[in-house]
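Here is the structure we will look at.
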Amino acid sequence: MEQEMESKNFIEQIIDKDIAEGRCQTVCTRFPPEPNGYLHIGHAKSILLNAGLANKYNGKFNLRFDDTNPTKEKIEFVESIKEDVKWLGADWEDRLFFASDYFGQMYEAALKLIRKGKAYVSDLSADEIRQYRGTLTEAGKEDPSAKRSVDENLALFEEMKEGRYVDGEKVLRARIDMASPNMNLRDPVIYRVAHMTHHNTQDAWCIYPMYDFAHPIEDAIEGITHSICTLEFEDHRPLYDWVVRELEYEHPPKQIEFAKLYLTNVVTGKRYIKRLVDEKIVDGWDDPRLVSIAALKRRGFTPESIKKFIELCGVSKSNSSADYAMLEYCIREDLKLKKARIMAVLDPVKVIIDNYPEGQTEELTVVNNMENESLGTHTVPFCRELYIDRDDFMEVPPRKYFRMYPGNEVRLMQAYFVTCNSFIKDESGKVTEIHCTYDPESKGGNSPDGRKVKGTIHWVPAPYAKSAEVRLYENIVDEEAGVYNEDGSLNLNPNSLTVLKNCYIEPYAADAKAYDSFQFVRQGYFCVDANHSTNEKLVFNRIVSLKSSYQLPKQS
RNA sequence: UGGCCCAUCGCCAAAUGGUAAGGCAACGGACUCUGACUCCGUCAUUUCAAGGUUCGAAUCCUUGUGGGCCAGCCA
């Protein structure tokens, strides 16, 4: 029994303290996406963090769509977000909510504020409000409308609700402090007019609450105890607390901020991804070069691997960017023992086994995953003509090279020992054909006399092998690396586009279902790309780099 | 030049005043029917800097330095 206590992250420490001091009993968290795009790896951190906390503390986790701005939201994103959250394994059970379902309560809350003299209707235009707000270093000026009486405000707000004003004509502002060094407290707008059909409430409302006002109310209504959000909302916390205090909620939720997840060498951030999609730089939201959940899924990442990655990254308040290699490590780690592997030849060169009967084919049984034999076996035809990888043969081997070269005996993986006798080159010096002899006694990959060979190489039966397309996707560099110039124009490196390569794979592997749609090709990990594969052609996405096994040995 | 936040190895990240965990990456070596995997070893006398408090400081204080966020009727 392992009893070692794992160190707790700072959020867990806060929760522990809240529980110990009786501020909270059942931990309730939530993931509150705005339905205006697809989820990406950054959201996965928030989802898994919130759901994980609820799980760890035996609490509850809600999924809530923060749909308070009908001008930016679309119903179609709701479904995709639900799907992605579910795929990641975060279970909201029966607690799926929409902020828009609380519009009535938010309206009442606004009335309460007005009655308390804490909110007023302003006649200022957006431009004027900006001017009155002051700057980072200068205090703002009082809104001329701020002096209105409670009754007048009540009447005006009612008129706003009735649709008596056009968009932007009037807003409701909270009365806090126009001189606050925190801009969010300079009488923030809490309700605006928008004559727009909302995806959920249709035309029931023409006034909509602002995030800063709505969010604490949503949390309070749902009984959220810990409202976890990202660092850029730190400055909003005093406003969050103000709303919760003025509305006099009995169990005020607490906002806690953590650092967003950034990854090296990729574009993160919904708006950047959206632009790449909109400008058709990538094929869509699930383009494998992206780190949207849909793209990662298509590329072969598992929910488990993403979960592990998020756990590995940890939670803190320092802006940081995780190494992409860590993500790759997680998928390797997850798939390693779980999936079947196949043999593949990326750059084929023909091998002829001179002493193997012409026209003969035998079915060899090979183990799907030699590290996990419970994954079963499959058969691969073996015959006189094979393909091996060009890198697995050298005319003049460097020191410590133990794959195929003239006179050297190697093992064709799970098949036979073969020894190269000769080879043929074309005019350009390229090897076109390698001639070998095999040892019939070594069937299965071992010689009864106990003879050892140093090298084991992948092979594929030439007449039966399937041609497959490998897409090598380079990640699109992150914005700091200069995807966007200062003027907003795109500066994309053409090298980041898809590279296609034809390779050969075992015929058996063509049946993608046999592998649960995952394939290992040599030491690299690939997955079948269902979006591009046809009966004729299988398309793989390379999801992590081939490891050193694929490089020439180092010269000392 | 207003306010808030952050700073520990190439990258994440623990340590909560008691003498710098762990993971990724990298590098040696062993093993191996995938040069993968696995295994073993190496990798911060010092925590952005300088002062101060203390028997004792990565932790507290001060002043700098570097980075992030804030002037939407976005979230």
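Per chain, numbering begins at 1; letters A, B, ... match sequence-line order.
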| field | A:K336 vs B:U38: side-chain N/O to OP1/OP2 distance below 4.0 Å | value |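 For B:U38, OP1/OP2 do have a side-chain N/O of A:K336 under 4.0 Å.
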| message | So, does A:T456 get its side chain near the phosphate of B:G35, meaning an N or O under 4.0 Å from OP1 or OP2? | response |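 Answer is no, no contact under 4.0 Å.
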| Contact state string [nucleotides 66-75 of chain B, B base, S sugar-phosphate only, - no protein heavy atom under 4.0 Å] | --SBBBSBSB
| query | When the nearest nucleotide of RNA chain B is assigned to A:C313 and to A:G455 on a heavy-atom basis, which residue is associated with the more 5' position? | reply |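 Final value for this comparison: A:C313.
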| query | According to the interplanar angle, ranging from 0 to 90°, do the rings of A:W205 and A:Y107 count as parallel (below 30°), tilted (30 to 60°) or perpendicular (above 60°)? | reply |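 Ring orientation, 0 to 90° scale: tilted.
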| task | Using the six-membered ring wherever Trp is involved, compare the ring planes of A:Y38 and A:W285 and label them parallel, tilted or perpendicular (cut-offs 30° and 60°). | result |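 Rings of A:Y38 and A:W285: tilted, as their planes differ by 30° to 60°.
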| said: Just by distance, no angles: are the side chains of A:H458 and A:D392 close enough, under 3.5 Å, to form a donor-acceptor pair? | reply: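 No, no side-chain donor-acceptor pair sits under 3.5 Å.
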Gap between atoms [atom1] and [atom2], on [X] and [N] respectively (whole Å):
X      : N     : atom1 : atom2 : value
A:N369 : B:U38 : CG    : C1'   : 14 Å
A:Y262 : B:A13 : OH    : C1'   : 18 Å
A:Y240 : B:C5  : OH    : P     : 19 Å
A:E257 : B:C6  : CD    : C1'   : 12 Å

| said: Ignoring hydrogens, what is the shortest heavy-atom contact between A:F77 and A:P35? Give both atom names and the distance. | reply: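 Smallest heavy-atom distance, with atoms named: CD1-O, 3.4 Å.
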| request: In whole angstrom, give me the gap between the C1' atoms of B:G56 and B:U19. | output: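 After rounding to an integer number of Å, I get 8 Å for this pair.
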| Got a sec, which residues hit side chain to side chain donor-acceptor pair (under 3.5 Å) with A:Q131, two or more places apart in sequence or on another chain? |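 Testing A:Q131 for side chain to side chain donor-acceptor pair (under 3.5 Å), a comparison that skips the adjacent residues, returns none.
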| query | What nucleic acid atoms does A:Y208 come within less than 4.0 Å of, heavy atoms only: base, sugar-phosphate, or nothing? | reply |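 It contacts nothing in the nucleic acid.
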| task | Determine the stems involving RNA chain B; a stem requires 3 or more consecutive pairs of the Watson-Crick or G-U wobble kind, each with both distances below 3.5 Å, and the answer is none if no such run exists. | result |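 Counting only runs of 3 or more consecutive pairs, the stems involving RNA chain B are B:2-7 with B:65-70, B:10-12 with B:22-24, B:26-30 with B:38-42, B:48-52 with B:60-64.
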| Which residues share a salt bridge (Lys or Arg N to Asp or Glu O under 4.0 Å) with A:R173, sequence neighbours left out |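 Salt bridge (Lys or Arg N to Asp or Glu O under 4.0 Å) list for A:R173, sorted by chain: A:D143.
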Could you write out each protein N or O paired with an N or O of nucleotides 62-65 of chain B at a distance under 3.5 Å?
none

Can you give me the N/O atom pairs linking the protein to nucleotides 19-24 of chain B at distances under 3.5 Å, or say none if there are none?
unit_1 : atom_1 : unit_2 : atom_2 : d
B:C24  : OP1    : A:Y329 : OH     : 3.3

